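What follows is one structure encoded as structure tokens, with my remarks underneath.
This structure is a prediction, so every number in the text was calculated from the model and none was measured. Letters A, B, ... are given to chains in the order of the sequence lines, protein chains preceding strands, and every chain is numbered from 1.
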Amino acid sequence: MKSSDTSAVHIDDLTKVFLSRDGRGVHALQNIDLDVRSGEVVAIIGPSGCGKSSLLRILAGLDQVYEGRVRWNLAAAEGNDKSRRGRLTSATVFQSDSTLPWMTVEKNVRIGFAKLRLDRADAAARVADVLQLVGLSEFPKAYPHELSGGMRQRVAIARALATRPHLLLMDEPLAALDAQTRLVMQQELIDIWRQTHSTVFYVTHDIEEAVTVADRVVVLSARPGRVRMVRDVETTGASVTELRRDPAFGDLTVELWNTIAGEVGGSLAAAPNGEPGSTKVGVA
Amino acid sequence: MTGNVVSAVATPDLKGDLSGAVERLRRDRAHERRKRRAWAIFTPLALLLGWELASRFGLLDERFFPSPLNIVSDALRYFAEPDLRADLLVHLAQSGTRLGLGFLLGAVAGLLVGLAIGLHPVTRYALSAVINGIYPLPKLTLYPLMIIFFGIGNTSMIALIALGVFFMVAINTASGVMYSDPVYKDVASAFELPRLVRLRTITVPAAIPSVISGLRLGFGQALIIVVATEFVAGDGGVGYLIWNSWQILDVPVMFLGLTIVGLTGWLASACISWLGKILAPWQAD
């Protein structure tokens with residue numbers, strides 16, 4: 001995917017501490033410096049508990065208590081004032097099912113427009129567009145409980161896309177789906193982003209998924225999360241299945257795994273309440 | 001990691017007709033349903049029959065346990081004879097007014113206060129000690145207090161019913177607002193919904209299942225309180241009818257009263273379930 005040199009959002013020396021239930025300070029993220037360029041897909045991976053989701057929640061505006069700065073470059077967005085007004089700064093696709101069960105598919109998408117004050121025609125056109133994009137054109141009146149898990153996640157993706165966000169935030173969006181659906185959805189996401197020229201911040205724990213979808217992979221260290229490695233990914237435009245045939249895909253996956261494995265091993269060893277008898281991951 | 005293809009077919013042929021198997025499964029399911037219904041009818045009938053026989057043959061004292069058929073024929077007088085019918089209707093109207101008004105007042109107040117508690121932390125801090133202090137008290141113990149406030153009569157009874165309903169609805173509404181799936185709140189925040197849109201489209205709908213169960217529990221309370229206060233107040237109503245007919249040993253009328261109370265509870269529960277299905281159709285029960 002083509003990314004420009006202009007920054008979409010710049011994360012500047014960000015540190016996050018939160019209080020645990022028993023009142024101890026927990027250091028989640030430390031001195032994160034990261035630049036997301038307009039039009040690129042950045043995947044964040046790291047051992048569990050490394051603060052990837054905390055970082056995403058900060059960008060999503062769900063968490064507003066942190067040290068450091070998040071600088072949005074909204075002026076970089078193309079288009080005139082009017083089209084800029086019709087966009088959210090960020091929109092999020094969550095890991096768990098985030099469709100609202102009391103609304104139809106169409107209303108679930110429209111709820112994202114609440115702040116944008118779109119005129120009627122624009123709103124209707126956007127709904128039609130995104131439902132087409134995620135393959136749900138035939139189900140605007142369906143309720144989420146009538147859809148499969150994969151389809152519900154498509155609704156959530158459609159809702160986020162419809163707000164034309166400057167930054168599309170995805171928090172392990174495919175983690176709750178079965179392996180086959182996941183592969184299909186990875187391909188669809190890549191195709192969709194290409195069509196919508198989205199800037200994407202993609203949190204995942206799946207290394208292969210990160211390599212598959214991203215232009216750049218950021219590896220966070222074990223808690224407190226720091227930027228351990230930033231790795232560009234050559235995008236070839238091959239399909240997600242073809243990509244797996246590429247030796248470079250395997251090499252990169254292994255390289256990233258080796259980077260993370262050290263962190264995972266470290267965090268397991270440090271975990272005070274690891275299950276007895278659980279196998280420790282070998283440190284590479 | 002290579003392997004030979006052991007066997008591969010483009011698409012396996014569809015062999016045979018499955019309609020026989022489907023038909024059999026359908027029959028089994030229908031059979032099970034019939035069995036369930038048959039037992040649901042059989043057990044109560046058997047109990048009634050046992051009772052009928054036991055009082056006919058003198059195993060039960062007829063003065064206290066008249067046979068079901070006698071009760072029915074006695075109760076029918078209350079529908080057939082104009083005097084008795086008017087009397088019954090007055091009792092029904094009295095209890096109905098108390099129950100209806102008390103429930104309505106308590107439910108509306110509970111809904112509003114529950115929402116405020118759920119949405120506004122300071123309200124929650126301010127009220128939680130008071131609510132947690134009063135809630136565990138059996139509401140009937142407050143009846144004398146209500147009489148002091150509102151005097152003997154309808155007002156104090158309605159106030160006590162409203163109070164009982166209020167706590168159930170308020171507590172359930174508040175917990176519906178606070179403990180519904182946190183992802184709904186995340187959606188509201190992530191898409192920057194304006195406050196009122198958020199309340200109308202996310203907070204309230206998410207709390208509906210919990211509000212419904214609050215209404216159900218509240219109605220149970222209301223029914224207990226209306227009957228019990230009528231026992232004590234001696235001022236008419238179905239509760240009075242039950243208590244009075246027991247005192248003058250007009251036992252069939254007591255059973256008539258019991259049946260009315262039971263049917264009311266059952267009917268209200270069905271209505272509330274129906275309301276839940278209409279307002280929260282996504283909830284599988």
With only heavy atoms counted, which part of B/A206 is less than 4.5 Å from chain A, the side chain, the backbone, both or neither? both

Does atom NZ of B/K185 have more than 12 heavy-atom neighbours from other groups under 6.0 Å away? yes

Do A/P101 and B/Y184 come within less than 4.5 Å of each other through their side chains, counting heavy atoms only? yes

Relative to chain B, which segment of A/T163 carries a heavy atom at a distance below 4.5 Å: side chain, backbone, both, or neither? side chain

For the residue pair A/K115 and B/P194, what are the closest heavy atoms and their distance? N-CD, 4.4 Å

Is it the case that more than 12 heavy atoms not belonging to B/E23 sit under 6.0 Å from its CD atom? yes

Compare every heavy atom of B/E192 with every heavy atom of A/L88, then report the nearest pair and how far apart it is. CD2-OE2, 3.9 Å

Please tell me if the side chains of A/M103 and B/T201 come closer than 4.5 Å, counting only heavy atoms from C-beta onward. yes

Distance, nearest 0.5 Å, that separates OG of A/S90 from CZ of B/F191: 8.5 Å

Would you check, one step at a time, whether the test side chain to side chain contact (heavy atoms under 4.5 Å, CB included) holds for A/Q95 with B/V183? CA-CA 9 Å; A/Q95 174 179 354; B/V183 82; over 6 Å; no

When heavy-atom pairs shorter than 4.5 Å are enumerated against chain A, which of B/D186, B/V197, B/I202 gives the highest number? B/D186

Please test A/Y143 against B/W282 for side chain to side chain contact (heavy atoms under 4.5 Å, CB included), starting from the C-alpha separation and ending with a verdict. CA-CA 8 Å; A/Y143 281 87; B/W282 64 92; over 6 Å; no

With chain A as the partner chain, list the residues of residues 160-177 of chain B whose heavy atoms fall under 4.5 Å from it, by residue number, and write 'none' if nothing qualifies. none

Where along residues 54-70 of chain A does a heavy atom come under 4.5 Å of chain B, listed by residue number? A/R57, A/A60, A/L62

Where does A/F94 contact chain B at under 4.5 Å (heavy atoms): side chain, backbone, both or neither? side chain

What option among B/L193, B/D181, B/I208 has the most heavy-atom pairs under 4.5 Å with chain A? B/L193

Around atom CZ of A/R245, are there more than 12 heavy atoms from other residues, nucleotides or ligands closer than 6.0 Å? no

Applying a strict 4.5 Å limit to non-hydrogen atoms, the region of A/A160 in contact with chain B is both

